Amino acid sequence: MEPHAVPGESPVCACCAEPAVVYQPVIRRYLCGTHLVRDVEERVRTTILETGQIHAGDRVAVGLSGGKDSTALLVILSRLLPTLPGASFVAITVDEGIAGYRADTMRAAKSLTQRLGVDHRIVTFRALIGDDLDTLLIGRETHACTICGILRKKALADAARAAGATSIATGHNLDDEAQSVLMNAFRGDLPRLVRTTGTGTSETFLPRIKPLMAIPEKEIASYLFVQDLFSVLPECPYTKYALRAEVRALLSDYECHHPGTMQHLIESKKTIEQYCAGTPVMEPLHRCRECGDPCSGDLCQVCRLRHSLGK
Amino acid sequence: MKVILPDQGIRVMEHCPGTVGALLHEIGANPLEVIVSRNGKLVPEEATIGRDDEIRIIRIAHGG
Ligand SMILES: [Zn+2]
Ligand SMILES: [Zn+2]
Ligand SMILES: [Zn+2]
């Protein structure tokens, strides 16, 4: 018998007996809208404090695609701001140039930052590399996510630095994190997990933080829906080429039948990190011979990509 | 019972599956990839469905 679930009746909140809007299967708890909002914000605050993600005086660049995760991130950070003394935010939207997808999310990002009164910067792939993503990808569609990812990371980092930011926050949620662990395992590259968590050793390398990493994707969508902040937006047309899309479907299916699977994957990652603590897993940092950005080899990923695209 | 599907399609169902979870199972939707409202209010999978309810199934787009 599940808590608060009576056959033939809709379940109620574990905190106040209002009708439930979500069920948290891992801790077997139902929550109403009010308590879900409170719980999500509290968990994000705990993540930020426990992992030391935001300090007094930080200027955090929030990557705002306009989709659900980054929308929730900016809303939550704005509300937590009074509890983060001396911190400030700037939202940055990268316009990749994806027809039929970007216009709606861009509109959503603009209206959100206006409503929250957050400084908003927009950067484009066209300004970064001279073309829209759609043009760059002609004949290379199957590599869409790799190419886009490299350029988006660079555009975001440049814009963050230009805005005087001291760190970059992204909307990656618990599902994203669990997918990454599994994808790295599938590719035979588990060490990458530990390598990418390095917070940077160079003055030009901004730390990246993920305040939503403990929140399941469904709870983020629910958090927005109960506050009338959820909008149905188009999905990126290139996701169908991504390994991540397959891993996402596989993992949601598995999580559904075995609640806690995603959490276990993340715990495995933390365990690996603990084993590696004190061991130098960061590759020695070089500087790119063309652009001077920190990188692990002779040329950075962006410059290598520029060459292969003939830019 | 009226069901609004993720693609905005509308399906009127003669029989009632009983709960949101049973409905999702019947139409082959993964509960983790959608959120569901009953008469405009968000509900969990265990929520019951009545004959006169309007159920909306919203896909959670990946990313963002
Ligand atoms: Zn409650
Ligand atoms: Zn370079
Ligand atoms: Zn996601």
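On a predicted model such as this, the values are computed, not experimentally measured, just so you know. Every chain is numbered from 1 and lettered A, B, ... according to where its sequence line falls, protein lines coming before strand lines.
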J.: Would the distance check show the side chain of B:K41 and the main-chain N or O of A:P19 forming a donor-acceptor pair, the cut-off being under 3.5 Å?
T.: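 Flag not set: sc B:K41 to bb A:P19 has no pair under 3.5 Å.
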J.: Measure the CZ-CD1 distance between A:F230 and B:I58 for me, rounded to the nearest 0.5 Å.
T.: 6.0 Å
J.: Looking at chain A, which one of B:L42, B:I49, B:L32 has the largest number of heavy-atom pairs inside 4.5 Å, strictly under?
T.: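 Most heavy-atom pairs within the cutoff with chain A belong to B:L42.
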J.: Would a distance-only check, ignoring hydrogens and angles, find a side-chain to backbone donor-acceptor pair under 3.5 Å from A:K68 to B:I60?
T.: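 Checking the backbone N and O of B:I60 against the side chain of A:K68, no donor-acceptor pair under 3.5 Å is found.
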J.: Heavy-atom distance under 4.5 Å to chain A: side chain of B:R38, backbone, both or neither?
T.: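 Only the side chain of B:R38 comes within 4.5 Å of chain A.
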J.: Please examine the side chains of B:E33 and A:E217, heavy atoms only from C-beta on, and report whether any two atoms are closer than 4.5 Å.
T.: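 Result no, sub-4.5 Å side-chain heavy-atom pair not found.
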J.: So do the side chains of B:E46 and A:Y23 get within less than 4.5 Å of each other, counting heavy atoms only?
T.: yes
J.: Could you check whether atom CD of A:Q227 has more than 12 heavy atoms from other residues, nucleotides or ligands sitting under 6.0 Å from it?
T.: yes
J.: Select one option (side chain, backbone, both, neither) describing which atoms of A:A245 are under 4.5 Å from chain B's heavy atoms.
T.: neither
J.: Measure distances from B:T19 to the heavy atoms of chain A and classify the residue's part below 4.5 Å as side chain, backbone, both or neither.
T.: neither
J.: By a 4.5 Å heavy-atom criterion (distance strictly below it), what part of A:L233 contacts chain B: side chain, backbone, both, or neither?
T.: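 Contact with chain B: backbone only.
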J.: Got more than 12 heavy atoms from elsewhere within 6.0 Å of NE2, A:H258?
T.: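 Check passes, neighbour count above 12.
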J.: Using a 4.5 Å cut-off on heavy atoms from C-beta on, say whether the side chain of A:C256 contacts that of B:N30.
T.: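 When only atoms from C-beta onward are counted, A:C256 and B:N30 do touch, with a gap below 4.5 Å.
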J.: Restricting to non-hydrogen atoms, name the atom on B:R56 and the atom on A:V232 that form the minimum distance, rounded to 0.1 Å.
T.: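 What the structure gives for the nearest pair is NH2-CG2, 4.0 Å.
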J.: Tell me whether B:D52 at atom CG has more than 12 heavy atoms from other residues, nucleotides or ligands lying less than 6.0 Å away.
T.: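 Open: at most 12 neighbouring heavy atoms sit under 6.0 Å from CG of B:D52.
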J.: Search all heavy atoms of A:A20 against all heavy atoms of B:P44 and return the closest pair with its distance.
T.: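 Where A:A20 meets B:P44 most closely, the heavy atoms are O-CD, 3.1 Å.
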